[in-house]
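Some notes on the structure that comes next.
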Amino acid sequence: MHQIVTLDSRQEAALQQVADQFVALHQGDTMKALKEMIMLNGHLQDELDTLKGRQRGRRFG
């Protein structure tokens with residue numbers, strides 16, 4: 001998961017807009033937004049790990 005991503009100006013602007021909206025959902029509290037983002041990422045990683053496990057089971061099962 002060590003990957004550097006380079007965004008062009010259009011992608012950067014779109015990302016900034018989404019980030020601003022996400023922080024606004026948390027009444028401008030960036031720490032609260034960051035904590036929720038960390039929790040969401042952890043949840044999504046768990047789901048990916050589960051799916052990867054299922055794929056391995058099919059391949060070798």
**Asked** Which residues satisfy the side chain to side chain contact (heavy atoms under 4.5 Å, CB included) test with Asn41, sequence neighbours excluded?
**Response** Met37
**Complete:** Rounding to 0.5 Å, atoms CD (Gln45) and CG (Leu40) come to a distance of 13.0 Å
**Side-chain touch Glu47/His43, heavy atoms, less than 4.5 angstrom** = yes
**Request:** Can you run down the side-chain hydrogen bond (donor to acceptor under 3.5 Å, both in side chains) pairs that involve residues 5-14, sequence neighbours left out, and say none if there aren't any?
**Result:** none
**Fill in**
The complete set of ring-ring contact (aromatic ring centres under 6.0 Å, His included) pairs with one or both residues in residues 3-22, sequence neighbours excluded, reads Phe22-His26
**Fill in**
Sorted by chain and number, sequence neighbours left out, side chain to side chain donor-acceptor pair (under 3.5 Å) with Gln27 holds for none
**Asked** For Asp29, what residues pass the side chain to side chain contact (heavy atoms under 4.5 Å, CB included) criterion, not counting sequence neighbours?
**Response** Met31, Lys32
**Request:** Could you list the residues that satisfy side chain to side chain donor-acceptor pair (under 3.5 Å) with Gln16, not counting sequence neighbours?
**Result:** Asp20
**Request:** Each residue besides Leu15 in its hydrophobic cluster should be listed here, by chain and number; the cluster joins Ile, Leu, Val, Met, Phe, Trp and Tyr at side-chain heavy-atom distances under 4.5 Å.
**Result:** Val5, Leu7
